[in-house]
Amino acid sequence: MIGLFSAMTVWAWRRDPRCGQSSSAHLTDALDVMARLVHRQWQDEASRRQVFDPLPLPVSWADLPLPDVSDHRQLIGDPFACRADVPGELAAAFRTLPRRRLVVVGDAGTGKTTFAMLLTLALLGDRAADEPVPVLLSLSSFDPSRESVQAWLRRRIAADYPVLADRDAYGPTVVKDLLLEGRIMPVLDGLDELPTAGRLAALAAFNEHFPSGASVVLTCRTTEYVTAVEEVGVLPGAAVIAPASLQPTEVLAVLRLATPPGRRQERWTALAEHVHATPDGPVAQSLTNPLMVALARAVYADASGDPAELADPHRFPTAVAIEHHLLDELLPTLYARERRRDPSAGRWGQDGAHRYLTYLARGLCRQGTHDLAWWQLYRWLHLLARPWARSLLWGGSACVLYISAITPWTVVFDASLWTFFKAFVWLDLPWVVALIVMQLVAVRLSAGLWSRDHAISAAIVISACGGLAGGAASVWVYFPELFRWDVFLSGAVWLGFSSLMVLLGTGLPAPPRAPSRGTFTLTNWPRRLRRTAVTVVVGAILGGVGLTLFLLAVDERPSWEVWLYGLGVGTGLGLGQSALQWVRGAASSDDLTTPVNSVRGDRLVTVINAAIGSVLFSLPRTALDVVEHQEARTVTSLLEIFDSHALSVCAFGVVLAVIPHAWSHYTAARCLMAVRGRLPWRLQAFLADAHRLGVLRQVGPVYQFRHARLRDRLAAGPTRLPGPRVAPRADPSRRGT
C-alpha cells in the first residue's frame, strides 16, 4: 500500500518532458500580458494616490551636481533633464540614455516613488514591441545574504504576477527567460529602506552579478546612496538624477485647481499673499516638498479646513512644525471626510482607526521594515514568535479540534463525553506530543535545511523524528507491559509515512517565508479536466488494489465492501490532489497579486491540504478497523469503525497540514490581537479602507504607509487622536502654540 501510494505521488509530480523550456511564442504572449497588467496596476495606484488629479506636480529632474556618484559621461550620455509631469518628455529623456540605467535620488518626500511610477506608466504608454516591460518593485524584501538578484527578481515577479506561473500557457521558464533576455526592466524603489549592510550588499550585487547590458532604475535617498557609492562604487552605466525644488507659486496654482470653486478655493489667496510676502518663511519652505504638498491637499483642498492657519508664526514657527501638523491632521481629516460621504463607512471609528494604525506603525518600526506583510504578522506576538510556544499552541489546537469532533459523536451513539475524554488523554494525547516534537525539529532544521534544494531532505528527517515519537506513543498505550517492538514499529511506520506524505505536499511544519498561491479559474479547463479525471481514476484504482493486497498479505479474504471502501478512499485522495493541482496552477490573465487575494489564495490551499491531511492520517487506522469488521453491513456499524481514535488521528493530520501555510499563523495572530483590542477583527477590510483613503499604499501583496514620515510620526506621536481644525480663529496672532 505504501509503495502504491508513493508511486502515485511520483506520477502526480512528474514533469512533462515536452515542457522543459518556454518557447519564443510563450515569451511574446507573456510579455504582452505583463505589460497590460503592470500598466493597469500602477494606473489604479496612481489614481488612488491622486497623482493625476488635477495635474501631476511640476517636478523637474536633472543630473545630481555631486562628483563621483555617477559613471563616466562618455558612458551615460548627455546631461539628463526632464519634467515628471510631461509623460512624453519623461519617456524620451530616459530613452536617450545609452544603457537606459538610471538612479533617482533625493531627500525624504521629494517624490522618488512617484517619479518611478510616472516613468513606468510613461514607458508603457508608447512602448514599442521590442522594448522591455518596466516592472516597478519594492526593494524592501530583498536580502542579498540569502538570495541573488536574479533569484529575488524571479520570485517577486512570479509572486506579483501569478499568471506567469501558468505552465500550459507560458511554459515553465518564462520569468527566467524574460529576465535573461533583458525583456523585463526592473524599476526598483527604496534602496534606502534596506539596512546599511544590506544596502551595500545590494548595490555590490547589482554591480557584480546583474548583466551589464540590462536596463535598470533605482531609487534611493541622496545621503544613503552617496555613502554606498563611497564603499562599493557607482552603478555602471547609470546616470544619477535629483529633483529641483518646487516653486510655491506653481504649487499653489495646482492646489487651487484641486479645490472646488467657491469660498474654499479663495482661502488659498491669503496663504499665497503670505508666501509672496515671506518667500523664505516656513510655509514657502514646506511647499517646495512634494510630500508636504500632497498632505496640504488632503488636509485643506479635499476637506473644509482653512490653509491660512499655516501662516500663523506662533503655531508654526518652522517648516518642521508645519510638517508635524499636517501629518497629525491627515488621519482625522480623511476619516471625517469618509464619514460625511457615507455615515455607514465609519465602522472603525475615528479613535479606533487611529489606534489601529498607530499599533501597525509601531510594529513596523520594531520589526525594522516598511512592508506590512500579513504572513509575517505572527512575529509581532511573543506567543507566536517563539517556536516552543507556537508548538504548544498548535498542539492545543489539535486537542480542541478533537474534542469538537467527538462531541456530536457522543450524541449519535449515546455515549459519555467523559469516556471519550479519558480515552483521549490515555490513548491519543501522546500523538499531540509527537506533533509538538515534529514542529520543534522543523524549527531547528530551518537554519541548515530550509531551502528549496533540501526541502525533501528536511521532510524526511522531520518525518523520521515524528515516526520515533509515534512509536513511543504507541508503546505508551500498552504501558506498563513490557516493551514491544512490533507495537513500536507499527506506530513509527504509520506516523512517519503519513507525515512524510503530508510534508511533501504542504511543506515543513513551520511558518513559511511566503504565502501559497491558489485560485480557481476555468482557464485551460479541458486540459486540467483531463488531468483531474486521470488522477481520480488512478487514485481510486490504487486505493482499491492497495487495500485488497493488504488484506491478502494478512491472510484475510477481502469482500466487495472492502474493495468499495478502497475505491472510495482512493477517489477521495485523487480528488484532493486534483483540487490542489488545479488551484495552485490556475491563474487568470487579469489577476494581480494584492493582499486580499493573496490571503484568499493561501486560505484555499490550506483548506484543501487540511482535507488531504485528515484522509492520509485516518487511512491506515481505518483500514485496520475494516479488516477487523469485515462483517459490518449497516451504516451504524460502519460508523462505529470510525471511533474516537480515528477522530484524533484526523485532528492530528489536519493540524499538521495547516501549519506550513501562512493563513493559519495569520489567523491566530489576528485573533489574538483583536482580543487584546490592538487590531480590528476584520483586519483586511480595515487595511483596504485605509488604502482606499490614501493612508496606505499597496505594493504587490503587502501594504506600506503612504510615506515613511507618516509611519514614524504615528509610531512616535501621542496615542490620543487630535481633532481636525475646520476653520481658523478670528485673530491668528492670539492662537496658542
Side-chain angles (χ1 to χ4, degrees), residues 138-147 152 155-156 159 190 193-195 197-198 355-397 436 439-451 458 506-516 595-596 598-599 602-603 606 655 658-681 683-684 686-687 690 696 698-705 708 711-712 714-715:
S138 174
L139 272 170
S140 56
S141 62
F142 179 41
D143 186 356
S145 63
R146 303 190 64 173
E147 56 186 342
W152 176 78
R155 179 175 61 84
R156 278 300 312 271
E193 295 179 1
L194 298 177
R355 184 174 68 254
Y356 299 147
L357 291 170
T358 299
Y359 177 75
L360 292 175
R362 291 174 177 173
L364 292 175
C365 289
R366 285 195 303 269
Q367 297 293 321
T369 180
H370 295 267
D371 293 344
L372 179 57
W374 60 268
W375 60 92
Q376 300 288 346
L377 202 61
Y378 74 94
R379 295 184 175 181
W380 295 22
L381 297 174
H382 293 292
L383 178 62
L384 298 178
R386 298 173 180 175
W388 63 268
R390 191 169 57 242
S391 301
L392 292 177
L393 176 64
W394 289 116
S397 300
I436 295 174
Q439 295 182 71
L440 294 176
V441 172
V443 173
R444 296 294 297 177
L445 291 177
S446 61
L449 293 177
W450 187 281
S451 66
T506 61
L508 307 186
R513 293 179 56 189
S516 301
V596 174
S598 64
V599 171
D602 192 88
R603 179 178 58 195
T606 302
V655 173
V658 303
I659 291 175
H661 296 287
W663 180 75
S664 56
H665 301 274
Y666 162 73
T667 302
R670 177 176 61 88
C671 292
L672 290 175
M673 293 177 180
V675 168
R676 299 179 182 180
R678 296 176 178 177
L679 290 177
W681 286 98
L683 178 57
Q684 289 299 325
F686 171 75
L687 296 177
L696 302 177
Q698 182 178 293
V699 184
V702 304
Y703 285 114
Q704 296 176 344
F705 273 91
R711 183 203 66 172
D712 297 340
L714 284 172

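The figures that follow rest on heavy atoms only: side chains count, while hydrogens, waters and symmetry mates do not. This structure is a prediction, so every number in the text was calculated from the model and none was measured.
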Side chain proximity check, W375 to P512, heavy atoms < 4.5 angstrom: no
Side chain proximity check, V599 to W374, heavy atoms < 4.5 angstrom: yes
Under the criterion side chain to side chain contact (heavy atoms under 4.5 Å, CB included), I'd like the reasoning laid out for L360 against L679: C-alpha separation, chi angles, the key distance, then a yes or no. CA-CA 8 Å; L360 292 175; L679 290 177; 3.7 Å; yes
About how many Å separate CD of Q704 and CG of D371, when rounded to the nearest 0.5 Å? 4.5 Å
Check C365 against A715 and note the closest heavy-atom contact, atom names and distance. SG-CB, 3.7 Å
Looking at CZ of R513 and CG of D143, how far apart are the two atoms once the value is rounded to the nearest 0.5 Å? 8.0 Å
Nearest heavy atoms of G677 and Y356, plus distance in Å: O-CE2, 3.8 Å
Identify the two heavy atoms, one from A385 and one from R390, that lie closest to each other, and give their separation to 0.1 Å. O-NH1, 3.5 Å
Is any side-chain heavy atom of R676 closer than 4.5 Å to a side-chain heavy atom of L381? yes
Give the minimum heavy-atom separation between P144 and G198, together with the two atoms involved. CG-O, 3.6 Å
The reported gap from CZ in R362 to CZ in R678 (rounded to nearest 0.5 angstrom) is 11.0 Å
Closest contact, heavy atoms only, G700 versus P595: O-CD, 3.3 Å
With side chains defined as the heavy atoms from C-beta onward, is the minimum distance between S138 and E193 less than 4.5 Å? yes
Output for pair (F686 CZ, L696 CG), nearest 0.5 Å, gives 7.5 Å
Over all heavy atoms of both residues, which pair between L393 and A668 is shortest? Give the atoms and the distance, please. CD2-CB, 4.5 Å
Rounded distance [0.5 Å steps], CG in L683 versus CG in L372: 7.5 Å
Is there side-chain contact between H665 and L384, with heavy atoms separated by less than 4.5 Å? no
Can you spot which of R603, Q376, H661, Q684 makes a side-chain contact (heavy atoms from CB on, under 4.5 Å) with Y666? Q684
Are the side chains of L364 and W380 in contact, using a 4.5 Å heavy-atom criterion? yes
Would you call W152 and S141 a side-chain contact if the rule is heavy atoms closer than 4.5 Å? yes
Going from OG1 on T358 to CG on L714, what distance comes out if it is rounded to the nearest 0.5 angstrom? 5.0 Å
